[in-house]
Q: 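Have a look at this one before I ask anything.
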Protein chains: 2
Amino acid sequence: MIKVRANKYHVIYKEWAEKIKTGELKAGDTIPSENDLAQIYGTSRETIRKALNLLAQNGFIQKIRGKGSVILDVQKMSFPISGLVSFKEISKGFQAEATTTVHDIGLIKPDAFLMQQLQASKKDEIWKVIRSRKIGDERIILDKDYFLKKHVPMLTKQICESSIYDYLEHNLQLSISFAKKEIVVEECTEEDYKHLDLEGFTHIVVVKNYVYLENTSLFQYTESRHRLDKFRFVDFARRGV
Amino acid sequence: MIKVRANKYHVIYKEWAEKIKTGELKAGDTIPSENDLAQIYGTSRETIRKALNLLAQNGFIQKIRGKGSVILDVQKMSFPISGLVSFKEISKGFQAEATTTVHDIGLIKPDAFLMQQLQASKKDEIWKVIRSRKIGDERIILDKDYFLKKHVPMLTKQICESSIYDYLEHNLQLSISFAKKEIVVEECTEEDYKHLDLEGFTHIVVVKNYVYLENTSLFQYTESRHRLDKFRFVDFARRGV
DNA sequence: AAGTGGTCTAGACCACGAT
DNA sequence: TCGTGGTCTAGACCACTTA
């Protein structure tokens, strides 16, 4: 059921990413040279380079001309909302138990705001899902998801309680490809007060996500609203294009 | 003085990125196929593919198997703190005038906090720079920068008033390579109240940056403190890996 | 069937760092 | 000088979309 990428370079990438993540290899060590790796794996050097470039892009190694590829300290990089990950995937990294409550699920007609956010027309139908996330014993995150029905024909409460993304990718075979993300801080709404334990905070961090499929069609708009003191975003960035 | 990358694939990347940014090519259009481009530029297809992969990574195009490369809507992506950009580079995109005030600059010995953040020893000396950024007529951002003196021997008030990064890259020839970024919300400090127009906000968005050189040595720790209502972070992310 | 992008190869030359 | 990573080539086969 799960789509496995069996590309050589991807396999090699995963293999070394794992070695670094588990701490089998330590920060400061160097990995074998590209030529050595090409021999070890019986591939061409360009294939090795694709794997190493992935490692570099994702912050596992730093390639240094004339020297080799040095392993970076990857420990601090926990809890990334970075990239494109769903709450289910993120919550694996939590210590405390995380539970999801579905407050609202149903088909609606888009208002002006949604028509703009989803580039939808009056005729489009939209799945609206409101969920809160409890971590430990506090309700901390409020997720408001909107899916175009033409891409997601059916949705149930049960699906929303586990992982919508699992369902979309594995059952509907949708290929989620990229997203535009925006992080801002807004005043809390009635809805926030109702569903979250706000502890007196008057503002809330809002992560807005516009999610696209492989064919470049926008199919989801999401607002993930995080209580100020519990929000954390981690990112790894390389300079210059 | 400025280092120009004259790689074929980089030139091709810049050329098409420019065409898309300026709107000469519109979202939804397709660019020529890889084979066509290889012919046009008189290069191999792999070189074209390196250029197109850069375009895809940076959100300019979406490559679709069997079809071609479609141009994405890149307009909404203004004001990225994403990637690694300095305030000077960001402020180009502002409507209003942006000015920088230097409040403090000097060499200090690291306290426990800084020793940890910069992985420094007691013997290290550190440049401390405190600056506020005024946009329009409000002081909105407080930047606290710490540089290891062994990498940055000299710093002046004048340099800090323009762009420290310009100075580091062009005059000191330092190669800034990558950074780890963390975004959280904290309570305002005395320092924030003193240097910023906080308008009653009790909390502040803090962007913490750990900046590394090409040889993987950490040389800078920065806190960029943004007033809640003026903070905006935009990102483009691809799913998987 | 033809055209597209995705993977992979075996080789070449270059710029850079260590020795 | 030698080994490293960075760029580039000319070709091959594949999976996919479109006609």
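Order of the sequence lines fixes the chain letters, A, B, ..., with proteins taken first and strands second; residue numbering starts at 1 for each chain.
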Q: Tell me the interatomic distance from B:R238, atom CZ, to C:dG6, atom P, rounded to whole angstroms.
A: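 That distance rounds to 10 Å.
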Q: DNA chain D: B:I64 or A:I31, which has the more 5' nearest nucleotide?
A: A:I31
Q: For the pair B:D143 and B:R133, find out whether any cationic side-chain nitrogen is under 4.0 Å from an anionic carboxylate oxygen.
A: yes
Q: Rounded to the nearest angstrom, tell me the gap between atom CG in A:L52 and atom P in D:dT7.
A: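 Taking CG of A:L52 and P of D:dT7, I get 13 Å after rounding.
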Q: Identify, between A:R65 and B:N53, the residue whose nearest nucleotide on DNA chain C lies closer to the 5' end.
A: B:N53
Q: Supply the atom-to-atom distance B:K181 NZ to B:T222 OG1, rounded to the nearest 0.5 angstrom.
A: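 Output value for this atom pair is 10.0 Å.
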Q: On the nucleotide C:dT7, are OP1 or OP2 found under 4.0 Å from the side-chain N or O atoms that A:K8 carries?
A: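 It does not, given that no N or O in the side chain of A:K8 lies less than 4.0 Å from OP1 or OP2 of C:dT7.
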Q: Is there a residue in residues 36-51 of chain A whose heavy atoms reach under 4.0 Å of DNA chain C, and which residues are they?
A: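 A:G42, A:T43, A:S44, A:R45, A:E46, A:T47, A:K50, in order of number.
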Q: What is the distance, to the nearest angstrom, from the CD atom on B:E34 to the P atom on D:dG11?
A: 17 Å
Q: Tell me, with the steps shown, if A:K150 and A:D124 meet salt bridge (Lys or Arg N to Asp or Glu O under 4.0 Å).
A: CA-CA 8 Å; A:K150 59 186 167 192; A:D124 279 310; 3.5 Å; yes
Q: Looking only at side chains, do B:Q117 and B:Y146 share a donor and an acceptor under 3.5 Å apart?
A: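 No, no side-chain donor-acceptor pair sits under 3.5 Å.
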Q: Distance alone, cut at 3.5 Å: any donor-acceptor contact between the side chains of B:Q62 and B:R238?
A: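 Side-chain D/A pair, B:Q62 to B:R238: present.
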Q: Does A:K63 place a side-chain N or O at less than 4.0 Å from the phosphate oxygens OP1/OP2 of D:dG6?
A: yes
Q: Does the side chain of B:Y9 get closer than 4.0 angstrom to OP1 or OP2 of D:dT7 through an N or O atom?
A: yes
Q: Ion pair present between B:E182 and B:K208, side-chain N to carboxylate O less than 4.0 angstrom?
A: no
Q: Between C:dC14 atom C1' and B:H10 atom NE2, what is the distance in whole Å?
A: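 Distance, rounded to whole Å: 18 Å.
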